[in-house]
Participant: 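Please read through the structure below; I'll follow up with questions.
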Amino acid sequence: MLKSNYIGQLLSQIQSDERLGIAPTKNPQRIIVDYPSPNVAKEMHVGHLRSAIIGECLSRILEFIGHDVLRISHIGDWGTPFGMLIAYLKEAYPEALTASKNLNLGELSTFYRQAKKRFDEDESFQNASRQAVVELQTGDEETIKAWKIVCELSSRSYRQIYDLMGLSSIVERGESFYNPFLAETLQELDRLGLLETSEGAMCVFLEGFTNRDGDSLPLIVKKSDGGYNYATTDLAAIRYRVREDKAQRVIYPVGSEQNNHFTQIFQVGRRAGWITDEHDFVHAEFGLILGEDGKKLKTRSGEAIRLKDLLDEAIARVRTDLATRFAAEERTESQEFIDNSAQVIGISAVKYADLSQNRTSDYRFSYDKMLDLKGNTAPYLLYAYVRVQGISRKGSIDFQQLGNANVVLAETTELALAKHILQLAEILQDVERDLLPNRICLYLFELSQKFNQFYDQCPILQADEPQRTSRLILADLTARTIKLGLSLLGINVLERM
RNA sequence: GGGCGAGUAGCUCAGUGGAUUAGAGCAUUUGGCUACGAACCAAAAGGUCAGGGGUUCAAAUCCCUUCUCGCUCACCA
């Protein structure tokens, strides 16, 4: 009894707090979170889904905790593929390079595929492509202009997807950004005695990585043809993020198949003295998205699924579900309401299905499961929230006007719910440390379950005072906790559904 | 062959400072709307935690080993 009084007091205290009693950190850091890095001229696909969802989620959590978060997309906007594309456009579709409005990204990616084909087949075209790269690097005006048009076009298309997914604004800092720093990055490695030449390529030999014969393995930072590669840009980025951005923590939500790559560049960054004990560079690796067959998700023809298609499919399925549900309940809702609900629920379901799984393991992508109204899914949580709002509508209650009334906890379901509400702060601490958002999902799912049990057992609007107000506060706090928790996952709520 | 990761209920998964009879959800069976939205709740059933060793008063968890699966191993990103 004493204990339940104390818990009731704690709830009364957080009731007037927008942050629900969660104090910001006393040690704010500057943190960089990597966002998906699509290649310019190619459409975003399923391979970008997890890093978008996880990156956004981690960013929001860290920001809420009080850190200064910089979201950066390391887009592929430089190098041979670019030369290829520009060479091809100059030859086959020159007008595209003067008027950007004529092209959309779909067409551009078609051109890209054609360019790739020609590149593989035609030697003279290879030379033209390399020439275009050279022109790009030397700043040839016409080539740069073409490059900008292509980048802008791609960028616009990405923003549409980001908007649909509800991602925050992102700084696009592509590979081209680091171009001016590549040479000096290598010079620095050279000065430190880390650079060696092997088979014509410049490399840093790695500690702890060997090939079949037991020889130590190199990280190639300048190819034998003189070109730079992925590792070079990433090293330049590490250096820049430490020195210029003053980042204390850098998080890369990238698939676990790139585990070696990150271990390697972090090692080199450390040996170069860029990464010190004051810096925390983390590869927040994640597993594959598998199809129903348990194999890596892709289209029937074996290609990567376009992100837009995947999201649209989720939304379309919700729309159908809603239509049949409303028909069955003889509810009439506006088209606008249905469209909006379908979009929020569809996107939420995709995100939640991803985040509710342990980040490091593979997971099976199933529309049926993620859109299920029961179980640990977005719709279940959204429904719990909607139930509370339903109370407000039914009883004409303005939760903000409840004041700081006492919360009295007599029933076991009330006490269980109350205790659970107070645990969010602790969960967030764990997630800040381990970067595993599924713990928030589990927390919110259990919160919703406990709310539903409470709702089932305890009348609210028909209760006598002071229980009535107390229960209203409990319901309101539940809803606000769900709303806050979901917003940290990058998910919006609905007032009705 | 080397490195990394995984193997927990029929299915999808939690469980990552070792501690009472291993937890959810889905599916299955059963019960609950003349109560605030039943898109809910309650109950039942279901597991030699891949196999084998070891450390410990105590192991799904730590160590060793075997098997199975996935990812990856110098000029792609």
Participant: If you measure from the C1' atom in B:A6 to the same atom in B:G15, how many Å do you get, rounded?
Facilitator: 15 Å

Participant: I'd like the P distance from B:A60 over to B:C49, given in whole Å.
Facilitator: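 So the two P atoms sit 7 Å from each other.
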
Participant: Which comes earlier along RNA chain B counting from the 5' end, the contact point of A:L322 or that of A:I460, where each point is its nearest nucleotide?
Facilitator: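 Upstream on the strand: A:I460.
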
Participant: With respect to the phosphate group of B:G15, does any side-chain polar atom (N or O) of A:N438 fall under 4.0 Å of OP1 or OP2?
Facilitator: yes

Participant: Among A:R249, A:R241, A:R270, whose salt bridge (charged side-chain N to carboxylate O under 4.0 Å, His left out) with A:D280 holds?
Facilitator: A:R249

Participant: Tell me the partner of B:C67, counting only Watson-Crick (N1-N3 plus N6-O4 or O6-N4) or G-U wobble (N1-O2 and O6-N3) with both under 3.5 Å; none if nothing fits.
Facilitator: B:G7

Participant: Base, sugar-phosphate, or nothing: which does A:P218 touch, judged by heavy atoms less than 4.0 Å apart?
Facilitator: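 Base: the residue A:P218, judged by heavy atoms under 4.0 Å, touches a nucleobase.
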
Participant: Can you tell me, in whole Å, how much space there is between the P of B:U61 and that of B:A50?
Facilitator: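 So the two P atoms sit 8 Å from each other.
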
Participant: Taking atom P in both B:A42 and B:C4, compute the distance separating them and give it to the nearest angstrom.
Facilitator: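 So the two P atoms sit 44 Å from each other.
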
Participant: When we call it a touch if two heavy atoms are under 4.0 Å apart, what does A:R393 touch: a base, just sugar-phosphate, or nothing?
Facilitator: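 The answer is base, as A:R393 lies within the cut-off (heavy atoms under 4.0 Å) of a base atom.
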
Participant: Measuring from the side chain of A:K394 (C-beta onward, heavy atoms only), which nucleotide among B:C36, B:A27, B:A42 has the closest atom?
Facilitator: B:C36

Participant: How far apart are the closest heavy atoms of A:A41 and A:L85, and which atoms are they?
Facilitator: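 Result for this residue pair: CB-CD2, 3.4 Å.
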
Participant: Once you round it to whole Å, what is the distance between C1' of B:G15 and CZ of A:F445?
Facilitator: 15 Å

Participant: Tell whether A:E199 reaches the base of B:A74 with its side chain through a donor-acceptor pair below 3.5 angstrom.
Facilitator: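 For A:E199, whose side chain was compared with the base of B:A74, there is a donor-acceptor pair (under 3.5 Å).
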
Participant: Could you tell me the separation between the CG atom of A:N452 and the P atom of B:A24, rounded to a whole number of Å?
Facilitator: 16 Å

Participant: Going by number, which of residues 174-183 of chain A have a non-hydrogen atom under 4.0 Å from RNA chain B?
Facilitator: A:E175

Participant: If you assign A:T80 and A:Y383 each to the RNA chain B nucleotide with the nearest heavy atom, which residue ends up on the more 5' nucleotide?
Facilitator: A:Y383

Participant: Identify whether any heavy atom of A:L436 sits under 4.0 Å from a base atom; if not, whether one sits that close to sugar-phosphate; answer base, sugar-phosphate or nothing.
Facilitator: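 Counting heavy atoms under 4.0 Å across all strands, the contact made by A:L436 includes a base.
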
Participant: Does a donor on one side chain and an acceptor on the other come within less than 3.5 Å for A:Y367 and A:E292?
Facilitator: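 Absent: no donor and acceptor within the cut-off.
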
Participant: Taking only the side-chain nitrogens and oxygens of A:K369, find out if one of them lies under 4.0 Å from OP1 or OP2 of B:A27.
Facilitator: no

Participant: Does a side-chain N or O of A:Y380 approach OP1 or OP2 of B:C41 to a distance below 4.0 Å, or not?
Facilitator: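 Yes.
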
Participant: Given the P atoms of B:U8 and B:U29, what is the spacing between them in whole Å?
Facilitator: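 Here B:U8 and B:U29 have their P atoms 26 Å from each other.
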
Participant: Looking at A:Q258, does any N or O in its side chain come under 4.0 Å of the phosphate oxygens OP1/OP2 on B:C4?
Facilitator: no

Participant: Rounding to the closest angstrom, what is the interatomic distance between B:A24 and B:A9 at atom C1'?
Facilitator: 11 Å

Participant: At under 4.0 Å, does any side-chain N or O of A:R387 touch on OP1 or OP2 of B:A38?
Facilitator: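 True: A:R387 side-chain N/O within range (under 4.0 Å) of B:A38 OP1/OP2.
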
Participant: Step by step, would you call A:E285 with A:V254 a side-chain contact (heavy atoms from CB on, under 4.5 Å)?
Facilitator: CA-CA 5 Å; A:E285 63 182 320; A:V254 178; over 6 Å; no

Participant: If I take atom CG in residue A:N229 and atom P in nucleotide B:A74, what distance separates them, rounded to the nearest angstrom?
Facilitator: 13 Å

Participant: Look at A:Q453 and B:A42 and indicate whether a side-chain polar atom (N or O) is within less than 4.0 Å of OP1 or OP2.
Facilitator: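 Checking A:Q453 against B:A42: at least one side-chain N or O falls below 4.0 Å of OP1 or OP2.
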
Participant: Atom CG of A:N260 and atom C1' of B:C71: how far apart are they, to the nearest Å?
Facilitator: 9 Å

Participant: Between A:N438 and A:Q357, is there a side-chain donor-acceptor contact under 3.5 Å, judged purely by atom types and distance?
Facilitator: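 Side chains of A:Q357 and A:N438: no pair found under 3.5 Å.
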
Participant: Taking atom P in both B:G7 and B:U16, what distance in whole Å separates the two?
Facilitator: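 Approximately 13 Å lies between the P atom of B:G7 and that of B:U16.
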
Participant: Does any donor-acceptor pair link the side chain of A:S198 with the base of B:A74 at a separation under 3.5 Å?
Facilitator: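 Yes, a donor-acceptor pair under 3.5 Å.
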
Participant: Do the side chain of A:N358 and the base of B:U16 come within less than 3.5 angstrom through a donor-acceptor pair of N or O atoms?
Facilitator: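 Under the 3.5 Å cut-off, the side chain and the base do form a donor-acceptor pair.
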
